[in-house]
Amino acid sequence: MIEWSQDTIDAFRQTLLDWYDTHGRDLPWRQDHDPYHVWISEIMLQQTQVNTVIPYYERFMTWFPTVQELATAPEARLMKAWEGLGYYSRARNLQKAARQIVDDYHGQWPQTADVLRELAGIGPYTAGAIASIAFNQPVPAVDGNAFRVFARLLKIDADIAKPQTRQIFGQVIARIISPDRPGDFNQAIMDLGASYMSAKNSDSEHSPVRQFNQAYLDGVEDQYPVKTKKPRPKPVAYFGLVMPDANQYLMEKRPSNGLLANFWTFPLVKQADVLVATDSGDTDSGDNEPTDSEILELLRQYLMTKYGFKVSLKPVQGRPVTHTFTHQKWTITLLQVIWNERPDLSYFPGEWLNVTKFDQIAWPKVQEKMWARVGK
DNA sequence: AATTCGTGGCT
DNA sequence: TAGCCAAGAAT
């Protein structure tokens with residue numbers, strides 16, 4: 001890592017802000033510095049690309065124009081506004097924080113990063129972004145762009161995948177940030193990181209700050225930032241149960257914690273649970289895989305013993321539905337369920353839902369994929 | 001500190 | 001295609 005003199009810092013600020021003044025992006029949430037606008041956009045932009053966020057942001061502002069209306073919004077409508085954006089705890093924390101602002105702060109926004117940090121869903125990055133952009137506080141906003149840009153500019157070798165590395169970058173940027181225009185400085189770094197200094201297809205040769213980019217000048221830009229790889233998604237196999245009755249389907253409500261919390265899906269049964277439950281193995285002479293029809297029979301018995309369901313099962317046409325999350329890769333074999341006896345739902349965590357309500361409920365993408373396969 | 005939280009785009 | 005990346009936070 002290299003050090004910059006005060007003269008270099010001054011020159012960098014000037015060059016960066018001059019470029020931002022003429023080439024900064026014109027985005028919907030940059031029309032003013034209203035903390036509500038800054039906040040909503042920053043939460044939506046977490047791990048999400050600008051072009052994805054724009055239509056969500058514009059619709060959100062028409063549905064919930066003020067923090068007060070967000071605080072009192074019905075949960076279903078809030079989730080519908082977030083449908084498809086992912087990381088749904090962001091939306092739930094958004095409403096928690098809105099209620100904190102209305103109730104605990106009497107509608108008055110806290111203006112420092114330290115106090116903003118106390119609001120639900122606001123971590124070190126978002127606190128810095130709101131404090132600098134909305135309230136002109138000279139604090140860094142260390143996101144993925146800032147990591148990448150400053151790692152290259154200064155050849156910082158710390159692994160940005162490690163939590164403690166944030167401290168290093170925070171201290172470095174705190175000394176370089178413009179004390180006069182901290183919000184513009186932070187946003188300029190983001191615009192730079194999204195264009196000339198992007199992760200892929202960077203173009204440092206034409207960058208407005210190329211003479212400050214030590215990794216580029218040394219021809220080692222591809223070595224920065226240093227970042228250890230994450231493990232690949234682990235495969236998980238499910239049965240997806242399509243259980244129609246007249247104009248309704250039996251749907252499962254997921255638990256209030258964990259992946260896709262509180263969402264409705266077609267009932268999902270982990271295939272490993274079905275196989276393990278009956279895998280006594282004493283008559284099994286070793287590594288015989290069960291046949292498809294044997295697996296279906298095991299599932300039929302599983303549904304009988306666990307939920308008291310008396311059913312027949314029929315495979316749904318087509319390949320299994322696949323869906324990849326950050327850490328799990330689901331493969332879902334869809335099965336049509338034919339009731340041999342009217343089911344009693346006493347032991348089942350779900351309800352009958354009429355198809356006329358389907359478009360009013362926020363669905364996760366994986367349920368949309370399953371529905372597309374069997375619905376109409 | 002290491003995992004767990006979605007989804008879409010791009011190569 | 002499989003893998004990586006995109007304005008991270010909570011636990």
Side-chain angles (χ1 to χ4, degrees), chain A residues 24-25 27-30 37-57 79 82-94 96-97 116-130 132-134 140-149 159-167 169-170 183 185-195 197-202 222 225 227-236 254-263 265 322-330 362-369:
Chain A
R25 288 174 291 181
L27 299 168
W29 45 89
R30 286 183 176 175
H37 298 162
V38 176
W39 174 47
I40 299 300
S41 67
E42 290 301 342
I43 300 298
M44 286 186 172
L45 285 161
Q46 290 171 8
Q47 304 295 287
T48 310
Q49 300 194 122
V50 166
N51 286 338
T52 301
V53 165
I54 289 174
Y56 280 92
Y57 174 84
M79 296 315 293
W82 209 264
E83 182 180 28
L85 263 186
Y87 289 150
Y88 297 98
S89 65
R90 290 186 296 176
R92 299 194 174 94
N93 282 332
L94 217 45
K96 281 185 197 167
L116 286 164
R117 257 313 260 111
E118 296 175 10
L119 298 172
I122 295 187
Y125 162 74
T126 306
I130 297 173
S132 63
I133 298 169
V142 189
D143 70 334
N145 290 306
F147 275 126
R148 182 173 57 259
V149 167
D159 181 355
I160 67 170
K162 294 189 181 305
Q164 60 190 33
T165 301
R166 169 177 298 281
Q167 304 300 324
F169 280 78
F185 180 96
N186 285 333
Q187 292 184 94
I189 294 297
M190 297 180 209
D191 284 15
L192 203 55
S195 56
M197 298 185 70
S198 58
K200 295 176 180 176
N201 302 326
S202 67
D222 59 334
K227 184 180 183 181
T228 56
K229 295 177 186 173
K230 290 180 178 174
R232 28 179 273 191
K234 177 184 156 192
V236 186
R254 297 182 60 81
S256 55
N257 294 317
L259 189 61
L260 303 179
N262 292 328
F263 278 101
T265 65
T322 63
H323 187 77
T324 304
F325 301 93
T326 306
H327 56 295
Q328 291 182 29
K329 179 184 169 74
W330 286 9
W363 272 359
K365 185 58 62 177
V366 64
Q367 170 61 23
E368 194 179 308
K369 287 181 182 175

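Chain A is the first sequence line, chain B the second, and so forth, proteins listed ahead of strands; every chain is numbered from 1.
For A:N201, the side-chain atoms get nearest to B:dT11 when compared with the rest of B:dT11, C:dA9, B:dA2. Distance from the side chain of A:R232 is smallest for C:dG3 among the nucleotides C:dG3, C:dA10, B:dG8. If you check B:dT7, B:dA1, C:dC5 against the side chain of A:P364, the one that comes closest is B:dT7. Listed candidates were C:dA9, C:dC4, C:dA7. Nearest to the side chain of A:P124 is C:dA9. Closest to the A:F325 side chain, of the nucleotides B:dT7, C:dA9, C:dC4, is B:dT7. Picking from B:dA1, C:dA6, B:dT7 the nucleotide with the shortest atom distance to the side chain of A:K365 gives B:dT7. Set against B:dG9, C:dA9, B:dT7, the side chain of A:K200 has B:dG9 as its closest nucleotide. Closest contact between the side chain of A:Y88 and the listed nucleotides C:dG8, B:dC5, B:dG6 involves B:dG6.
Taking atom NZ of residue A:K329 and atom P of nucleotide B:dG8, one finds them 15 Å apart after rounding to whole Å. Rounded to a whole Å, the NZ atom of A:K230 is 11 Å from the C1' atom of C:dA6. Here the C1' atom of nucleotide C:dA7 and the CD1 atom of A:I54 are 13 Å apart, to the nearest Å. For the pair A:N145 CG and C:dC5 C1', the interatomic distance rounds to 11 Å; values are reported in whole Å. Rounded to an integer number of Å, the gap from A:N257 CG to B:dT3 C1' is 15 Å. Counting to the nearest Å, the C1' atom of B:dT11 and the CG atom of A:D222 are 17 Å from each other. A straight line from OH of A:Y125 to P of C:dG8 spans 7 Å, rounded to a whole angstrom. The CG atom of A:L259 sits 17 Å away from the P atom of B:dT3 (whole-angstrom rounding).
The side chain of A:Q47 contributes no N or O atom lying less than 4.0 Å from OP1 or OP2 of C:dA6. A close approach under 4.0 Å does occur between a side-chain nitrogen or oxygen of A:R148 and OP1 or OP2 of C:dA7. For B:dG6, the OP1/OP2 oxygens have no side-chain nitrogen or oxygen of A:H323 closer than 4.0 Å.
Base contact: A:R30 has a heavy atom under 4.0 Å from a base atom. Nucleic acid contact for A:W29: base, since at least one base atom lies under 4.0 Å from a heavy atom of the residue. Looking at heavy-atom distances under 4.0 Å, A:L27 makes contact with a base. Nucleic acid contact for A:A199: sugar-phosphate only, since backbone atoms but no base atoms lie under 4.0 Å from a heavy atom of the residue. Nucleic acid contact class of A:V53 (heavy atoms, under 4.0 Å, all strands): none. As judged by a 4.0 angstrom heavy-atom cut-off over every strand, A:G193 is placed among residues making no nucleic acid contact.
C:dT11 and B:dG6 have their P atoms separated by 14 Å, with the value rounded to a whole Å. As rounded to the nearest Å, B:dA2 and C:dA7 have P atoms that lie 24 Å from one another. One P atom belongs to B:dA1, the other to C:dA6, and the distance between them is 23 Å to the nearest Å.
Within 6.0 Å of the CZ atom in A:R25, the count of heavy atoms belonging to other residues, nucleotides or ligands exceeds 12. Within 6.0 Å of the CG atom in A:N51, the count of heavy atoms belonging to other residues, nucleotides or ligands does not exceed 12.
Taking the ring centroids of A:F325 and A:H327, they lie at or beyond the 6.0 Å cut-off.
Judged by distance alone with a 3.5 Å cut-off, a donor-acceptor contact links the side chain of A:T48 to the base of B:dG6. Contact of A:T326 with B:dG6 (side chain to base): a donor-acceptor pair of N or O atoms is detected under 3.5 Å. One N or O donor and one acceptor, one from the side chain of A:R25 and one from the base of C:dA7, sit under 3.5 Å apart.
In terms of heavy atoms, A:T48 sits closest to A:L85 at CG2-CD2, 4.0 Å. Of all non-hydrogen atoms in A:V53 and A:M44, the two that sit nearest each other are CG2-O, 3.4 Å.
The 5' end of DNA chain B is approached more closely, in terms of each residue's nearest nucleotide, by A:L85 than by the other of A:L85 and A:Q49. Of the two residues contacting DNA chain C, namely A:A120 and A:P233, the nearest-nucleotide position lying further toward the 5' end is that of A:P233. Taking for each of A:R166 and A:S198 the nucleotide of DNA chain C with the nearest heavy atom, the 5'-most of the two is the partner of A:S198. In terms of position along DNA chain B, the nucleotide closest to A:Q164 lies nearer the 5' end than the nucleotide closest to the other residue of the pair A:Q164 and A:L260.
For the residue pair A:Y125 and A:Q46, no side-chain donor N or O sits within less than 3.5 Å of a side-chain acceptor on the partner.
Not a single donor-acceptor pair under 3.5 Å links the side chain of A:Y56 to the backbone N or O of A:S41.
Rounding to the nearest 0.5 Å places CG of A:N145 at 9.0 Å from CG of A:L192.
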